[in-house]
Every structure is written in structure tokens, then in C-alpha cells.
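See below for the structure under consideration.
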Amino acid sequence: MAFGILEDHHLEKVPGTALLSDQGLVHGRQIDIDAASALKRGTGKYAHVILIPQPSDDPADPLNWPRWKKEACFWTLTFAASLDGALSPMVGPAYVLLSQQFGVSVDEITSSFGFVLLGLGTFMLVQNSLAEKFGHRIVYLGSVSLMFISCIWCAVSPNLASIRASRLFQGFGMSALQSMVASTLEQIYCVHERGSRTVIWSFAIMAGITLGPLLCSYVVQNLSWQWAFWFVSIPLGLNSLAVFFFVPETTYKRATPQLKNVETDSDKGSSLEKIPSEKEPDVESMARTMRPPSYISQLKIWHGAITDESFFKVALRPFPFLLSPVTWFMFLSYSMQTVWLSLMPLCSSTIFTLEYNFDAKQTGLTNLGGLVGIVLALFVTGFFIDSGVVLMSKWNRGVYEPEYRLLFMSSMLFGVFGYFGWAVGVEHSMPWIGAVACIAMANFSMVVSGSAAVTYLLDTHRHDALHVLALTNFMKNMVLYASTFFANGIIVDRGVKVSLMIFGACQLACWAASIPMYIYGKRVRSYVGIILSLLHSSLNVLRQLARHPRLYGTERND
């Protein structure tokens, strides 16, 4: 048992557990280091780290891309994610003002602009299936283009009906940047590089959520809400061009690694230790003659179907992952935490009007607290997420367990203190700076714990993480959209204190879910591996039965 993580006794090799550092020890047994010498390792300070997954010798493999190409792809998608985060709550501080302009309730304004959440949720599963069937590039291009067009549509909308329709399509476009980026990180980076990149991606989304309402509140107050969307459409148009030029196709059909048998010193001749190896002579000899694809060839938008399976079958793939405890853990610890944190800017106009009589500009400025929180999260723990798990792997004799990531879930307690502290402060007439500090704590909690949860998902489900994110984001956006119909009404009827206490209690309950997941995580991964293996075997048998019915006895009737 490593650091309180219970061992599994059903599978010899539990999915996710890997040899991360060449310390010469695996599961307590000394191995021959020469046997692992063929495995590729990192560079620089990570020169001792065995790369997981092992890059192929093909120069077209995204893991083999030059540094500049990976960085260009990553930062383009990161900027797109920040715009994605800004679009949803951007006019939130002006909801009270807009309710007066349109002559409707604040909840009706919230739900009308909240149609973006309905689009996000309903299209989440579809865009993931499209990405798996036709590749990531075409989906990214379609997404940012749709965000750009719908932003202009919203700016020229004459009434709430048109706003609802434009925001619905805007949600369709936004869905890719909230789940597919994690899959892209898994495709172009190795395990020890993903943590910090996931933090930056989460930071970008949270920065958009915080800075969007802050900047747009001034535009709405001094010009109009339409001008807010006009201004956002400018960087969206530029980002659409950047995605075309700097985000090539990242989907790569990687050869299944073979396993090499290595004798252990403890029991030579009878006990064998399995070590992953990419030893495939034919593939390697072909790769040595390959040349990297040209830049122009990678600008192609249409690459054809990535898989021969029908779109319907691909669309059904996420649903078996409802059997995975990791899916429900992600929903509780990551998605639900996002729900009430997203409700804060949507309800900020009501909260700060009731408690401090703020106008739209003053309410927008309160988002600076969230910006401080996410910046602190980036600098304090951002890059430690990777170095920390590498260090723990060394202490665990070179064996990496994905549950090491879950230690960072303790940052959710900062959010608990933030919500409860704000609730108590409201009762004691706390000045507005105290409320801003509590917002900073909640945002700090979200970035750190959210990055840890997503990275844990990437390590446990790997290429299937896209399906889990699709499911959890779908459920999250449905809950969030439903909340827009009554959230502001509850704050008006029950008061700010009670509402914040509810947020704090929910945050505490969701943090508690990370404790059993940390302890039983390895057994959960074993269970998921067995279930998925059985599902795949059953599907293979059904395919064989469909293709060759005579092999299964139907010829006996002849």
C-alpha cells in the first residue's frame, strides 16, 4: 500500500499504474535496468522519466512534434478557451439593468442569456463523437467559427427570442473548448507534462469567466450590451484564423505496444515482470524512411473519417462509462464545483445590488477577486502538480499511481472557507473587500482541484477521457441551465447568507468524495479495466457473429 492507496489483487497490471522513473524497482522487485534501456525518456530535468505513452518513431506522431508546433497548438487553444469562458457570464453584472430595459424579471434575463448553457450541454456529446469520427481539427475550426458568427448574431438581436437562438448556437460552438482540449493534451503531451498544461488550460477558462464580466460591465454601462458582443467578436475572428494556421490534426493511430518479458532477481526463471515496449521492427524500419509532413499539407480541413465505424456507434461510446466510478467522481468533484462557481457571476448583479447597492461597473470589478485567485493557483501549485507526482513516484520506488494527483483535491477546502466565510460576513456587515477575498478563495480552489481532477481522468481513462468529459460536462450544463431559472429568485427570497451556506455545504460534500476515491482508486481502476475488457470482448464476439454466422453453428441446420 503506497501512501494510503489500497493495492488491487485482481489484475497484474492495473490501468494507469506505470513505471515513471528508472529507480530500478518495480512493485518491490529489482529489475534489470538494461531491459528498460530501449524505452524513451524525457529531456532536461525529466531525463530520468520514462515517457508515458512511448512515442513512436513516426515523425507524424504528435508526441514527436517539434516544441514550437506543440506550443503554437496549445496556446491557440488556450486563448480560444479563455474566450469560451468569457462568453457565458459576460453580461452577468448587468442582469438587473437589462431586466429594467427589457421589462422582465432578472431570472428571465438570466435564463435567456443562459440558453448558451443549453447549447453547451446538448451538443457536448455530439461534438465529441464528431471529433472521434472525423478528427479534432475540423471540429475546432467549426466551433470557433460558430462562436464568431453567433456573437455577431447576438449583437444584432432585436429581442429576447433572437438572443435565445443566438446563444443556443453559441453554446454549440463553445462545447469543444470545454472538453476536447483535455483530449488534445493527452494526444500531444506525455503524462509528466500534462499537469501543468491542464492548469494553464483551466486558468484560461477561469480567466475568461472572471475578466469577461469585468470588462464587459464597463461596455454595458457606458455603451450597450450589444457593443459587448461586438468587441468580443474581434478576438474571436482572429482566433478562428489562428486555429486554421496553428492547430493541425492531433488524432494519431498509435500502434499497440508489445510487452517484453523481463526476469526478476527475486525469482529468476519463474517470475516475469512486464515492461512496455514499442518494439515493432516493421513499423520502425518504415518510420526511419518517413519524412515529417509538410506544413501546407497539415492545413487541410477535411481528413476523411478517422474510424470506419458508423457515427451512431461512435455516438453511443460514452454511455458505458456511466458504469465507471471515475465518471461520477468527476461529476461531483469537478463539474458540480463548476456549477456554483459559474452561478456566482450569473447572480453577482443580484447579490451585490442587495448587499452593497453596486451598479454594473462596480459589480464587474468584483471579478478581480476571482482573477487574483486563479493567478495564485497558477503560480503556487501550477507547475508543482507535475513535479510533485514525479517526486512521489521516486519515493514509491519509481512506480507512478494516478491517485497522487488527488492530493491536490484538498484545495477544495479553500472554496468551503470562502463560501462559509462570505455567508458569516454578510451577517456581520462585512465590507465588500471581504466578499472579493472570498471569491478569490473559491476560484483558487476551482483551478487547483479542477486541474488535478482532469489530469487524474487523463491518467486513468487516457484516450477514453473524452467520453467521460462529454458525459460530465453534459450533466453539468444541464444542472447549470436549470439553475438559471430560479437561482436569482432564491437569493432574493431566502437571502444571500442562506444561498452562500448552501454553496459551502455542497462544496464540502463534493470534496469528501475525493477521500474514498484516493483510497480505493487503484481498485476502481482495476474494476474499470475489467468491465471495459468484458465489453470489448462481447462486442468483438458480436461482430464476428454478424460477419461469419457459420462459425457459430448456424451451418448445423444444413
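Computed from a predicted structure; not experimentally measured.
- The side-chain hydrogen bond (donor to acceptor under 3.5 Å, both in side chains) test applied to K69 returns Q298, not counting sequence neighbours.
- A side-chain donor from one of S162 and W153 sits under 3.5 Å from a side-chain acceptor of the other.
- Looking at residues two or more places apart in sequence or on another chain, you find a side-chain hydrogen bond (donor to acceptor under 3.5 Å, both in side chains) between T251 and H136, E249.
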### Task
Show your working on side chain to side chain contact (heavy atoms under 4.5 Å, CB included) between S157 and S166 and close with a plain yes or no.
CA-CA 8 Å; S157 294; S166 64; 3.9 Å; yes
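- No donor-acceptor pair closer than 3.5 Å links the side chain of S224 to the backbone N or O of V220.
- Side-chain atoms of T327 come within 3.5 Å of backbone N or O of F321 as a donor-acceptor pair.
- Put simply, the side chain of W230 reaches to within 4.5 Å of the side chain of I152, judged on heavy atoms.
- Sorted by first and then second residue, the salt bridge (charged side-chain N to carboxylate O under 4.0 Å, His left out) pairs involving residues 223-233 (not counting sequence neighbours) form an empty list.
- Listed by chain and residue number, N488 satisfy the side-chain hydrogen bond (donor to acceptor under 3.5 Å, both in side chains) test with T110 (two or more places apart in sequence, or in another chain).
- Using modelled atom types, one finds a donor on one side chain and an acceptor on the other under 3.5 Å when comparing R164 with S112.
- Formation of a donor-acceptor pair under 3.5 Å by the N477 side chain with backbone atoms of N473 is found in this model.
- A salt bridge does not link E186 with R197: every distance from a Lys NZ or Arg NE/NH1/NH2 to an Asp or Glu carboxylate oxygen is 4.0 Å or more.
- Between the K133 side chain and the I306 main chain, no donor and acceptor come within less than 3.5 Å of each other.
- Aromatic ring centres of W227 and F231 lie closer together than 6.0 Å.
- Between I301 and F244 there is a side-chain heavy-atom pair separated by less than 4.5 Å.
- In this structure, W432 has no side-chain hydrogen bond (donor to acceptor under 3.5 Å, both in side chains) partners at least two apart in sequence or on a different chain.
- In this structure, the ring pair (Phe, Tyr, Trp, His ring centres under 6.0 Å) partners of F414, at least two apart in sequence or on a different chain, are F444.
- A side-chain donor-acceptor contact under 3.5 Å links S411 to the backbone of S449.
- Looking at residues two or more places apart in sequence or on another chain, you find a side chain to side chain contact (heavy atoms under 4.5 Å, CB included) between V104 and F102, E108, I109, L160.
- Heavy-atom neighbours of F169 CZ from other residues, nucleotides or ligands within 6.0 Å: at or below the threshold of 12.
- Listed by chain and number, the residues in a ring pair (Phe, Tyr, Trp, His ring centres under 6.0 Å) with F319 amount to none (sequence neighbours excluded).
- For the pair M412 and V448, the minimum side-chain heavy-atom distance is 4.5 Å or more.
- Under the side chain to side chain contact (heavy atoms under 4.5 Å, CB included) criterion, S175 pairs with L120, F123, M124, Q127, not counting sequence neighbours.
- In terms of modelled atom types and a separation under 3.5 Å, the side chain of R167 and the main chain of F113 share a donor-acceptor contact.
- Residues satisfying the ring pair (Phe, Tyr, Trp, His ring centres under 6.0 Å) criterion with W422, sequence neighbours excluded, are F352.
- Using a distance-only test at 3.5 Å, with no hydrogens or angles considered, a donor-acceptor pair links the side chain of S240 to the main chain of L236.
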### Query
Step by step, would you call F134 with W302 a ring pair (Phe, Tyr, Trp, His ring centres under 6.0 Å)?
CA-CA 8 Å; F134 302 109; W302 177 252; 5.4 Å; yes
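- A side-chain donor from one of T184 and Y140 sits under 3.5 Å from a side-chain acceptor of the other.
- Y481 meets the ring pair (Phe, Tyr, Trp, His ring centres under 6.0 Å) test with F115, F485; sequence neighbours excluded.
- Contact annotation: the side chain of W340 approaches that of C510 to within less than 4.5 Å [non-hydrogen atoms, C-beta and beyond].
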### Message
Go through it in stages, so that I can follow the logic: the residues are F329 and Y456, the test is side chain to side chain contact (heavy atoms under 4.5 Å, CB included), and I'd like the CA-CA distance, side-chain angles, deciding distance and then a yes or no.
### Response
CA-CA 11 Å; F329 166 72; Y456 178 70; 4.2 Å; yes
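- With contacts defined as side-chain heavy-atom distances shorter than 4.5 Å, the pair L500/V496 qualifies.
- In this structure, Q178 and K476 have side chains that are in contact, with non-hydrogen atoms separated by less than 4.5 Å.
- Looking at residues two or more places apart in sequence or on another chain, you find a side chain to side chain contact (heavy atoms under 4.5 Å, CB included) between S310 and F312, K313.
- Inspection of the Q170 and S88 side chains reveals no N or O donor paired with an N or O acceptor under 3.5 Å.
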